[in-house]
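These notes concern the structure reproduced below.
Just so it is clear, the structure is predicted and the values come from calculations on it, not from any experiment.
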2 protein chains.
Amino acid sequence: MTVDFDARQSRAELREDLRAALLAAAARLISEEGLGALALRRLAERVNVSTKAVYTLFGGKEGLMEALYVHAFDGIASFEPEVLSIASPQRRILELLRSYRRYALARPDLYAVMFGDAAMGLSPSAESRRHAWNTTRPMRQALRECRPGMTAEEADFIMRALWSAVHGIVSLELRQLIGGHDMATRLFDESFTGLLRHFGVPFDRELLKE
Amino acid sequence: MTVDFDARQSRAELREDLRAALLAAAARLISEEGLGALALRRLAERVNVSTKAVYTLFGGKEGLMEALYVHAFDGIASFEPEVLSIASPQRRILELLRSYRRYALARPDLYAVMFGDAAMGLSPSAESRRHAWNTTRPMRQALRECRPGMTAEEADFIMRALWSAVHGIVSLELRQLIGGHDMATRLFDESFTGLLRHFGVPFDRELLKE
DNA sequence: TACCATAAGAAACATCGTTACCACAAGGGC
DNA sequence: GCCCTTGTGGTAACGATGTTTCTTATGGTA
């Protein structure tokens, strides 16, 4: 295997670049005009290629959606740039949860890719689902820091409960089923105060004030 | 499903019958072959009419989806036939929540209509959303029975928290993101125990045993 | 009975995802 | 260096979808 330092890009490099360009254009198209506007022809036109490229690089629209699925989960991290450096694990948990909600509210169409139904040809593979779960690692780590001695299994369990709760709130909020933003914020604060305390995670209510 | 044209019916009756037949056929088509299989041509073929009927009766596929949205929420009640007659409000709340989960797991495609993304032309009107909220009335009633003196606003708030939680759990469970059925059941039990206690709703953990 | 508004069917239209077919160029073996 | 294999991407077609238009027929009403 040889490494090409030439200015001319190798086939694999071109392939990777085009793949990234298609993915970025798809995410932009979705954010601008909604998930329904994601048509292969329109996407290909924006990148100045033919629709065939999507088939060679992603295997079809379903593959593109799965790549977007992974991309959308990775995007959560962009909404928590300085959160990971917060020393207090309790505060870090709270801010991670808030970041998740901010992300979902700011990018509802990407959030729809993550949790939209399978009718759009969205049935993520086990590997993609594992990737999604792996994005919760920082919060699981913070949970274990909150109570020394907590096992990984216990942290996973609490994580699942917190994830379910924040997803439920955000999901109903996006569908305008639980009132406006302030109501959802109150719901958010109360639900996590209750859940964290129930699961024995030390949580000072004063943290919510900031 | 065919409409009986022999019986002499008024135009309004025929219209209503055809509307119900289309809705039922759509729900059946979805349950049998998934939301992606809901095509107007296939639906019309099943009811032995042309696709135009969907346009005169629902205004298009979007209108059909909104009617299905309401229909799907109404369907929850069919999973709680004897639950409403449970005397103990605590036990009634638990069984209502369990019924909701059973419904979602048994009819995932109808649940997708209720909470699928807007890409499928699903943007329920305020009236439909109010209808969805109204299906939570039995549980709000049970909440107020649990603690005499609870205001309607407080019951609404707790209801929103419970709905968010059960939707979050069920949604992640359907997407296979939080483990299998047993894990989701544990999550379900623990989350609601924690939430109900946090909101001051008397809840005996022994109720979960049955 | 005669008129009219309305509904349903047939077919066309625009668009979608997908797939043959085919040039064409990069990469490896001689 | 040359040729061949391989794979990549463009063009155009195919089937299916939601929607619209035109036409026909039928129930309701004066």
Side-chain angles (χ1 to χ4, degrees), chain A residues 1-22 25-26 29-30 33-68 113 116 118-123, chain B residues 1-22 25-26 29-30 33-68 113 116 118-123:
Chain A
M1 185 178 298
T2 63
V3 182
D4 191 5
F5 288 105
D6 205 356
R8 298 184 53 124
Q9 291 184 321
S10 72
R11 200 124 136 177
E13 284 171 337
L14 281 173
R15 181 189 171 93
E16 196 53 41
D17 284 357
L18 180 54
R19 194 186 140 93
L22 282 170
L29 187 57
I30 284 179
E33 306 184 39
L35 195 48
L38 180 57
L40 295 193
R41 282 177 172 83
R42 298 196 54 189
L43 174 63
E45 188 183 15
R46 283 203 177 196
V47 191
N48 271 38
V49 293
S50 87
T51 60
K52 195 68 173 55
V54 177
Y55 285 85
T56 60
L57 291 172
F58 297 95
K61 187 170 189 182
E62 194 167 349
L64 174 68
M65 293 298 293
E66 178 145 356
L68 268 177
V113 172
M120 307 225 35
L122 186 65
S123 179
Chain B
M1 183 169 301
T2 60
V3 179
D4 185 9
F5 287 104
D6 292 333
R8 308 197 60 158
Q9 290 178 317
S10 72
R11 197 120 134 180
E13 285 170 336
L14 281 174
R15 180 188 171 94
E16 197 52 40
D17 284 356
L18 181 54
R19 194 187 138 92
L22 281 170
L29 187 56
I30 284 179
E33 306 184 39
L35 195 48
L38 180 57
L40 295 193
R41 281 177 173 81
R42 297 197 54 188
L43 174 63
E45 187 184 16
R46 285 203 175 195
V47 193
N48 272 34
V49 293
S50 85
T51 60
K52 195 68 175 61
V54 177
Y55 286 85
T56 60
L57 291 172
F58 298 96
K61 187 169 189 182
E62 193 167 352
L64 175 67
M65 292 299 293
E66 177 145 358
L68 269 176
V113 173
M120 308 222 35
L122 187 64
S123 179

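The distance between atom CD of A:E66 and atom C1' of C:dG17, rounded to the nearest whole Å, is 18 Å. In this structure, CZ of A:R19 is placed 13 Å from P of D:dG9, rounded to the nearest angstrom. Between B:L22 atom CG and C:dA7 atom C1' the separation is 13 Å, expressed in whole Å. With rounding to whole Å, B:L57 atom CG is found 11 Å from C:dG9 atom P. When the P atom of D:dG9 is taken as reference, atom CG of A:L43 falls 14 Å away, rounded to whole Å. Spacing between atom CD of B:E45 and atom C1' of C:dA10 amounts to 15 Å, rounded to whole angstrom units.
The CG atom of B:L22 sits 11.5 Å away from atom CG of B:L29, with the distance rounded to the nearest 0.5 Å. One distance of note links CD of A:E62 with OG of A:S123; it measures 7.0 Å at 0.5 Å rounding.
Using a 4.5 Å heavy-atom cutoff, the side chains of A:R19 and A:F58 are in contact.
Among the nucleotides D:dG10, C:dG9, D:dG9, the one closest to any side-chain atom of A:T56 is D:dG9. Of the candidates C:dA7, C:dA8, D:dG10, the closest approach to any side-chain atom of A:S50 belongs to D:dG10.
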(message) I'd like to know whether B:L35 forms a side chain to side chain contact (heavy atoms under 4.5 Å, CB included) with B:M65, so could you lay out the CA-CA distance, the side-chain angles of the two residues, the decisive distance to 0.1 Å, and finally the verdict.
(response) CA-CA 10 Å; B:L35 195 48; B:M65 292 299 293; 4.2 Å; yes

(message) One pair to check against side chain to side chain contact (heavy atoms under 4.5 Å, CB included): A:R15 and A:L57. What are the steps and the verdict?
(response) CA-CA 8 Å; A:R15 181 189 171 93; A:L57 291 172; 3.3 Å; yes

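Across all strands shown, A:L18 has heavy atoms under 4.0 Å from sugar-phosphate atoms exclusively, and none from any base. Contact annotation for B:V54: no contact, since no heavy-atom pair falls under 4.0 Å across all strands.
Here A:E33 pairs with A:R42, A:R46 under the salt bridge (charged side-chain N to carboxylate O under 4.0 Å, His left out) rule; sequence neighbours left out.
Screening residues 50-59 of chain B for side-chain hydrogen bond (donor to acceptor under 3.5 Å, both in side chains) gives no qualifying pairs among residues at least two apart or on separate chains.
Here the closest heavy-atom approach between residue A:A26 and residue A:L43 is recorded as N-CD1, 3.5 Å. Minimum interatomic distance between B:L18 and B:V49 (heavy atoms only, all atoms of both residues): CD1-CG1, 4.0 Å.
Axis angle, first five pairs versus last five pairs of the helix from C:dT1-D:dA30 to C:dC30-D:dG1: 0°, rounded to 10°.
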(request) Let me have a per-nucleotide readout for nucleotides 15-25 of chain D, 5' to 3', with B, S or -, counting only protein heavy atoms under 4.0 Å. (result) --BBBBB----

